[in-house]
Amino acid sequence: MRNVTCFAVVLLAVFSSFAAEEKGTLERLFDPMGFLKPVPVSISGFSGEVDSVLKNDLLFMGVINVPVDQAKYLVTGSNGSRVEGGVTDKVTKHPVMPRKAYTGGTLRSQTHALADDIAQALTQLPGIAQRKITFKTHTRPGAKEIYIADYDGHNVKPVTSDGVNVAAPAWAGRNILYYSSYKLGNAAIFSQNIPTGQRKAIANYGGSSISPAVSPDGSKVAMILSKGGSPDLYVSDPDGSNLRQLTKTREAESSPCWSPDGRTICYTSRERGGRPSLFKISASGGGGTPIPTPGAPIPSEPDWSPNGKWIAFTSLIGGTFRIFITPPDGGRVYEVAEGEDPSWAPNSRALIFCKGPDGGKRLSLLDVPTKQTKDVPRVLESNSQPGWAR
Amino acid sequence: MHMKWTKFVSLLAVLIIAAGTGCKRNPQATTPLPGYGKGSVGPERPAGPVGPGITGENIDGIPLPENLKDLLADPNQPAVLRDNTVYFAYDGADIRPSETSKLDAIASYMKSSGNKAIRIEGHCDERGTEEYNRALGERRALAAREHLVRLGVSGAQIDTRTMGEDNPAVPGHAEAAWAKNRRAAFILLQLPGGVGATNPQ
């Protein structure tokens with residue numbers, strides 16, 4: 001009996017040491033704002049497009065390629081007929097991510113899958129490289145179309161081809177987009193199933209029906225409707241039924257977004273006296289409360305990070321658009337880039353946004369804590385209003 | 001009964017205009033303001049007198065008609081609509097005194113025969129983000145519509161449509177162009193059943 005207990009204690013000690021080693025292996029360091037510090041890795045064994053795509057993907061997921069003597073982990077693999085890769089701790093040789101082989105799709109999409117797996121293993125944040133983005137592009141005056149693409153701008157596909165103005169594409173899950181379109185006359189809100197092409201006007205009223213935003217669980221759609229005589233915030237079911245008016249002001253409410261728990265909506269309106277401000281309101285009703293953003297005037301087009309910690313938005317200062325982030329209660333703001341209309345990646349650290357003059361805008365990626373940016377290849381003339389599927 | 005309603009509307013209009021002019025928006029709200037965000041959410045300047053019982057925020061909107069939103073523009077646009085585009089201050093949606101005579105002319109035209117419908121298209125300059133401007137353009141069109149309703153035009157004859165910053169009247173990236181792009185334009189609609197919007201006979 002004593003021997004059995006002794007054996008158990010030894011066994012426990014052995015397991016504990018493994019656990020400690022594992023914990024040490026996955027030690028994560030955070031900067032003062034709470035963002036994970038980039039994890040230094042040395043990447044070897046890949047070539048050509050796979051090598052560059054992998055390094056680029058990891059840059060926006062908190063994993064940075066450094067010389068091997070500065071690396072904490074080794075990412076090794078190959079790309080022959082398929083992409084393979086794994087991660088080991090440089091010192092302990094402990095496998096942090098056992099080597100995997102990827103099949104199907106293109107080498108490029110296999111690389112995105114590997115990048116997401118590596119990032120998840122090292123940062124415990126959701127991958128971003130396999131999530132699509134949506135955006136709108138100018139085709140000719142009076143005509144815009146909605147597109148989708150890989151997050152890095154490759155694999156571009158049109159979603160609409162109506163030859164009219166469209167705006168504000170918003171994801172519902174990974175297969176459905178909501179957007180506003182002037183196809184029927186006034187701006188109306190459509191939902192469209194991308195794989196099947198099936199679509200439906202879910203809000204088509206007198207006046208303008210604009211700026212759809214789908215709740216994270218897909219059960220509600222927030223939107224701005226002027227049917228009551230002023231642009232106000234409304235919420236409906238995904239098919240437009242059960243419409244409920246949340247604000248009733250003379251001001252023009254605009255650009256709603258949802259908190260990750262689906263309980264709060266953030267939008268732009270004006271305070272008494274006319275100053276534009278971000279507001280938040282319970283999705284079940286009540287009054288709107290201003291979110292103070294001192295030093296970031298005319299805040300608009302907010303987007304709430306999936307981890308709930310930050311709201312990114314655009315401010316207009318001296319004729320220049322600047323992107324800021326603020327905690328959900330406001331009070332302090334941090335400028336992160338010049339540009340407009342930010343949308344968070346699933347990992348709550350990368351943003352996609354647009355920049356440049358009217359008629360010549362392009363999309364750009366930003367890793368918020370490191371300020372690394374990369375422009376996305378432009379499609380046709382002018383790309384704006386990006387949205388990242390989460 | 002009808003007279004009473006008209007009187008009420010006129011009275012309301014006077015009060016609203018009085019409240020509106022006493023409460024100018026900051027036209028250049030591009031710089032941080034002292035005290036902004038330090039817990040103070042009040043106006044940065046006195047809002048001015050408002051009428052008894054009217055705060056300027058609690059006015060019920062005038063609901064929009066459901067039957068005009070997909071009508072096409074009449075190919076024959078009368079000069080009174082074409083020539084009386086209303087312009088707005090930067091980031092503003094109030095009807096300025098310089099613009100009211102245009103709305104007087106449009107109201108007279110609308111009241112000269114009941115069988116007409118128009119759409120007011122609200123537009124913005126390129127400053128401001130796209131969805132902010134889409135809402136602002138709608139607010140401008142609605143401000144012009146409210147003004148016409150106060151002048152006695154039926155709200156059922158007027159639909160609104162925002163174009164945001166999508167269709168500038170004048171290209172350019174300076175105030176000369178911007179001033180022409182912040183506008184509400186008036187468009188005669190083709191009523192169903194034929195040509196008859198301007199000629200009901």
Side-chain angles (χ1 to χ4, degrees), chain A residues 141-142 144 165 167-168 180 182 184-188 204-208 210-211 224 226-232 248-255 268 270-277 290 292-298 300-301 314 316-319 321 330-331 333 340-341 357-358 384-385, chain B residues 23-26 29-33 36-39 41-45 47 56-72 91 93 119 122 126-139 141-142 145-146 155 159-168 173:
Chain A
K144 277 114 191 156
N165 277 324
S180 64
Y182 292 74
L184 302 176
N186 286 5
N204 180 22
Y205 300 102
S208 295
I210 56 176
S211 306
I224 306 298
S226 69
K227 70 197 207 58
S230 188
D232 284 312
K248 193 165 191 178
T249 73
R250 220 190 113 70
E251 305 301 346
E253 270 78 65
S254 70
S255 51
T268 295
R270 288 176 198 263
E271 297 180 16
R272 276 170 193 276
R275 183 192 297 136
S277 174
T293 57
I298 318 187
S300 69
E301 302 201 317
T314 311
L316 186 55
I317 302 178
F321 289 120
V333 299
E340 59 184 303
D341 222 345
D358 256 35
S384 63
Q385 299 198 316
Chain B
C23 173
K24 278 243 166 63
R25 300 215 171 99
N26 178 3
T30 54
T31 47
L33 294 156
Y36 185 26
K38 290 176 183 141
V41 292
E44 83 276 12
R45 66 180 76 168
E57 281 188 12
N58 295 330
I59 298 165
D60 283 343
I62 307 154
L64 288 152
E66 285 289 324
N67 58 338
L68 305 179
K69 60 184 187 285
D70 50 2
L71 297 187
L72 298 174
D91 200 32
R119 175 164 60 240
E126 65 187 356
R127 294 171 296 169
T129 54
E130 289 184 50
E131 292 308 287
Y132 181 90
N133 277 344
R134 211 168 293 283
L136 178 59
E138 184 68 14
R139 187 63 257 170
L142 290 162
R145 179 175 182 265
E146 285 165 8
D159 192 20
T160 54
R161 179 183 290 184
T162 180
M163 302 307 296
E165 60 185 80
D166 284 337
N167 293 16
H173 306 289

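Please read these numbers as outputs of a predicted model, since none were measured by experiment. Per chain, numbering begins at 1; letters A, B, ... match sequence-line order.
Remark: side-chain polar atoms of A/Asn186 are paired, donor with acceptor, to backbone N or O of A/Gly207 under 3.5 angstrom. Put simply, the side chain of A/Asp232 gets close to the backbone of A/Thr249: a donor and an acceptor are under 3.5 Å apart.
Residue contact with chain A, scored on non-hydrogen atoms closer than 4.5 Å, involves the side chain of B/Asn167 exclusively. For B/Leu136, the parts lying under 4.5 angstrom from a heavy atom of chain A are both the backbone and the side chain. For a residue to count as touching a neighbouring chain, one of its non-hydrogen atoms must lie under 4.5 Å from one of that chain's; by this rule A/Phe321 touches chain B with the side chain only. Only the side chain of A/Thr268 comes within less than 4.5 Å of a heavy atom of chain B; its backbone N, CA, C and O stay farther away. Looking at A/Asn204, the atoms closer than 4.5 Å to chain B (heavy atoms on both sides) sit in the backbone and in the side chain alike.
In terms of heavy-atom pairs under 4.5 Å with chain B, the best-connected choice from A/Ala187, A/Pro357, A/Ala188, A/Ser300 is A/Ser300. When the candidates B/Thr129, B/Thr160, B/Leu142 are compared by the number of heavy-atom contacts under 4.5 Å with chain A, B/Thr129 comes out ahead. Between chain B and the options A/Ser211, A/Ala167, A/Ser226, heavy-atom pairs under 4.5 Å are most frequent for A/Ser226. Contact count versus chain A (heavy atoms, under 4.5 Å) is highest, among B/Glu131, B/Glu165, B/Arg134, for B/Glu131. Ranked by heavy-atom pairs under 4.5 Å with chain A, the list B/Leu72, B/Asn67, B/Thr162, B/Leu71 is led by B/Thr162. Most heavy-atom pairs under 4.5 Å with chain B: of the set A/Gly142, A/Gly330, A/Ala252, this distinction falls to A/Ala252.
Within the 4.5 Å cutoff, side-chain heavy atoms of A/Ile298 are placed close to those of B/Tyr132. By the 4.5 Å heavy-atom criterion applied to side chains, A/Arg270 and B/Asp91 are counted as neighbours.
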(request) Take B/Glu138 and A/Ile224, measure what side chain to side chain contact (heavy atoms under 4.5 Å, CB included) needs, and give me the verdict at the end. (result) CA-CA 11 Å; B/Glu138 184 68 14; A/Ile224 306 298; over 6 Å; no
(request) Applying side chain to side chain contact (heavy atoms under 4.5 Å, CB included), run through A/Asp341 and A/Ser384 and close with a yes or a no. (result) CA-CA 8 Å; A/Asp341 222 345; A/Ser384 63; 5.6 Å; no
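A salt bridge between A/Arg275 and A/Glu251 is absent, with no side-chain N of the basic residue lying under 4.0 Å from a carboxylate O of the acidic one. Residues B/Glu146 and A/Arg250 are paired through a salt bridge, judged by an N-O separation under 4.0 Å between the basic side chain and the carboxylate.
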